[in-house]
K.L.:
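One structure is given below, represented as structure tokens, and several questions about it will come after.
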Protein chains: 2
Amino acid sequence: MAARKQNSTYTRNEAFITECDLTYAVNKIGGRWKILILNKLENEKQRFSDLKKEFPLITERMLTLQLRALEQDGLVKRTVYAEVPPRVEYELTEMGMAFGPIFQQLSEWGGKHRSFTKSVSESV
Amino acid sequence: MAARKQNSTYTRNEAFITECDLTYAVNKIGGRWKILILNKLENEKQRFSDLKKEFPLITERMLTLQLRALEQDGLVKRTVYAEVPPRVEYELTEMGMAFGPIFQQLSEWGGKHRSFTKSVSESV
DNA sequence: TACGGTACTTACAAATTTGTAACTAATGGC
DNA sequence: GCCATTAGTTACAAATTTGTAAGTACCGTA
């Protein structure tokens, strides 16, 4: 998001890497807080302030950045209500919701890996 | 991998974020070239030089870093043969193989998202 | 004895991502 | 007019990740 140097090896490599659908997909959810946000939105739509409360460690700046990126990529829909003070709601799009079952499996993998790692380190 | 400042907000936030199994899992495959490597290893084990050939843009340094991280996390098994010149083979562990079906679905998501995005931009 | 081939290391620089802190806009209610 | 509230924005600094370039070790062969 934050203005890329179009001709760095870094950026060119990313372009190459995301030619693969798999890497492309993972890239879309690769921001630090994106998955937590998507995961939270899976249950129900949330206001900006709701998300802030849910993740006390995220700064407003980061929350905005991540939400904007998710919106840009069509994973999240942003609705602004013409009220004062402002009210803005975020909810998943269809593409965003499509991550549901995948997240479920990733979560299971994570749990398994965690307990596996723990049992290995204990047996030392 | 590259020596973390234990008390930065950055690192503390990561610790917080990866308390969630889902984020934890995605973090394990989050390095730039990790997914491509895992994906390649899914078919069969590969030598260091095979991977280098497969991904011409990766540098030896990066390839080593990513493989070491994957090994550390128990997703990849490294076997060194006592030969000269050296021969080192990399293959998936069980935890590494467990990503198979997940990668399949992510890849499908990526393809869908790509064609969806294209059709939207065309209709403008 | 110099050379080639494989699998690395190392010191350093560039690029990007994330965090900090302070500031903005709009308006209904006091 | 002034304040509180929500949802931001902005300039800047810190941290981390990635890339560059050059060097290491091993030993069989020429």
Side-chain angles (χ1 to χ4, degrees), chain A residues 1-18 23 27 29-37 45-71 76 78-90, chain B residues 1-18 23 27 29-37 45-71 76 78-90:
Chain A
M1 282 278 100
R4 285 282 192 89
K5 202 165 235 183
Q6 283 307 318
N7 261 70
S8 62
T9 306
Y10 185 98
T11 291
R12 279 193 318 262
N13 277 359
E14 184 173 271
F16 166 79
I17 284 168
T18 52
T23 319
N27 238 46
I29 54 175
R32 173 150 272 201
W33 304 87
K34 283 186 188 171
I35 291 183
L36 290 176
I37 293 170
K45 59 184 171 189
Q46 304 281 328
R47 296 182 58 171
F48 188 84
S49 53
D50 293 333
L51 292 169
K52 244 172 50 177
K53 260 171 249 158
E54 178 73 13
F55 310 113
L57 295 181
I58 195 173
T59 63
E60 298 193 335
R61 172 184 142 74
M62 266 300 125
L63 184 52
T64 304
L65 280 178
Q66 303 281 281
L67 285 169
R68 287 287 187 284
L70 290 170
E71 192 195 356
V76 157
R78 176 171 179 262
T79 309
V80 183
Y81 295 88
E83 305 172 359
V84 168
R87 179 160 61 100
V88 180
E89 283 180 353
Y90 294 92
Chain B
M1 281 274 102
R4 284 282 192 89
K5 203 165 234 183
Q6 283 308 317
N7 262 70
S8 62
T9 306
Y10 186 97
T11 291
R12 279 193 318 261
N13 278 359
E14 184 173 271
F16 167 78
I17 285 168
T18 51
T23 318
N27 237 47
I29 54 175
R32 173 149 272 201
W33 304 87
K34 282 186 189 172
I35 290 183
L36 290 176
I37 293 170
K45 59 184 171 188
Q46 305 279 328
R47 297 183 56 171
F48 188 84
S49 54
D50 293 333
L51 292 170
K52 243 171 52 176
K53 262 171 248 160
E54 178 73 12
F55 310 113
L57 295 180
I58 195 174
T59 62
E60 298 194 335
R61 172 184 142 75
M62 265 301 125
L63 184 51
T64 304
L65 280 178
Q66 303 282 281
L67 285 169
R68 287 288 187 283
L70 290 170
E71 192 196 356
V76 157
R78 176 171 178 262
T79 310
V80 184
Y81 294 89
E83 304 173 1
V84 168
R87 179 160 62 99
V88 179
E89 283 181 353
Y90 294 92

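For the numbers below, each heavy atom of this structure counts, side chains included, while hydrogens, waters and symmetry mates do not. Since the model is a prediction, treat every value here as computed from it, not as a measurement. So that the names make sense, note that chain A is the first sequence line, chain B the second, and so on, each numbered from 1.
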K.L.:
Applying side chain to side chain donor-acceptor pair (under 3.5 Å), can you list everything that pairs with A:S8, at least two apart in sequence or on another chain?
P.N.:
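Scan of A:S8 (side chain to side chain donor-acceptor pair (under 3.5 Å), adjacent residues dropped) gives A:T11.
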K.L.:
For nucleotides 4-7 of chain D, which of its nitrogen or oxygen atoms have a protein nitrogen or oxygen under 3.5 Å away, and what is each distance?
P.N.:
| residue | atom | partner | partner atom | Å |
| --- | --- | --- | --- | --- |
| D:dT6 | O3' | A:R47 | NH2 | 3.1 |
| D:dT6 | O3' | A:P86 | O | 2.8 |
| D:dA7 | OP1 | A:R47 | NE | 3.1 |
| D:dA7 | OP1 | A:R47 | NH2 | 3.0 |
| D:dA7 | OP1 | A:V88 | N | 3.4 |
| D:dA7 | OP2 | A:S49 | N | 3.0 |
| D:dA7 | OP2 | A:S49 | OG | 3.0 |

K.L.:
Kindly give the atom pairs (protein nitrogen or oxygen, nucleotide nitrogen or oxygen) under 3.5 Å for nucleotides 10-15 of chain D.
P.N.:
| residue | atom | partner | partner atom | Å |
| --- | --- | --- | --- | --- |
| D:dA15 | OP2 | B:K5 | NZ | 2.9 |
| D:dA15 | O3' | B:S8 | OG | 3.4 |

K.L.:
How long is the line joining CG of A:N7 and C1' of C:dT16, in whole Å?
P.N.:
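Result: 16 Å.
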K.L.:
What is the minimum heavy-atom distance between B:D50 and B:Q46, and which atoms define it?
P.N.:
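Result for this residue pair: CB-OE1, 3.1 Å.
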K.L.:
Give a yes or no on whether the backbone of A:Y90 and the side-chain of A:R47 come within a donor-acceptor separation of less than 3.5 Å.
P.N.:
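It does not hold such a pair.
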K.L.:
For A:L65 and C:dT18, give me the distance from atom CG to atom P, rounded to whole Å.
P.N.:
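In whole Å, C:dT18 P and A:L65 CG are 9 Å from each other.
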K.L.:
Are the charged groups of B:E89 and B:R87 less than 4.0 angstrom apart, N to O?
P.N.:
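Looking at B:R87 together with B:E89, the answer is yes, because their closest N to O distance falls below 4.0 Å.
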K.L.:
Roughly how many Å is it from CG in B:N27 to P in D:dT16, rounded to a whole number?
P.N.:
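About 14 Å, once rounded to whole Å.
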K.L.:
CD of A:Q66 versus C1' of D:dT9: gap in Å, rounded?
P.N.:
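The answer, rounded to whole Å, is 16 Å.
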K.L.:
Could you tell me whether the phosphate oxygens of C:dT18, OP1 or OP2, come under 4.0 Å of any side-chain nitrogen or oxygen in B:N13?
P.N.:
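For B:N13, the contact criterion (side-chain N or O under 4.0 Å from OP1 or OP2 of C:dT18) is not met.
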K.L.:
Expressed in angstrom and rounded to an integer, what is the separation of A:M62 atom CE from D:dT9 atom C1'?
P.N.:
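Taking atom C1' of D:dT9 as the reference, CE of A:M62 is at 13 Å.
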K.L.:
List the atom of B:G31, the atom of B:Q66, and the distance in Å for their closest heavy-atom pair.
P.N.:
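Closest pair (atom of B:G31, atom of B:Q66, distance): C-OE1, 3.3 Å.
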K.L.:
Tell me whether the guanidinium CZ or amine NZ of A:R4 lies under 6.0 angstrom from the six-membered ring centre of A:Y10 and within 45° of its axis.
P.N.:
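No, a cation-pi geometry is absent between A:R4 and A:Y10.
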K.L.:
Can you find a heavy atom in the side chain of A:F55 that is under 4.5 Å from one in the side chain of A:L63?
P.N.:
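Sidechains of A:L63 and A:F55: no contact.
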K.L.:
Does B:E71 use its side chain to pair, donor to acceptor, with the backbone of B:R78 at less than 3.5 Å?
P.N.:
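Side chain of B:E71 to backbone of B:R78, a donor-acceptor pair under 3.5 Å: no, none is there.
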K.L.:
In whole angstrom, what separates A:I58's CD1 from C:dT18's C1'?
P.N.:
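Spelled out: CD1 on A:I58 to C1' on C:dT18 is 10 Å.
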K.L.:
Return the value, rounded to whole Å, for the distance between atom CD of B:E14 and atom P of C:dT18.
P.N.:
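Rounding to the nearest Å, CD of B:E14 and P of C:dT18 are 10 Å apart.
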K.L.:
Ignoring backbone atoms, establish whether A:W33 has a side-chain N or O less than 4.0 Å from OP1 or OP2 of C:dT17.
P.N.:
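For A:W33, the contact criterion (side-chain N or O under 4.0 Å from OP1 or OP2 of C:dT17) is not met.
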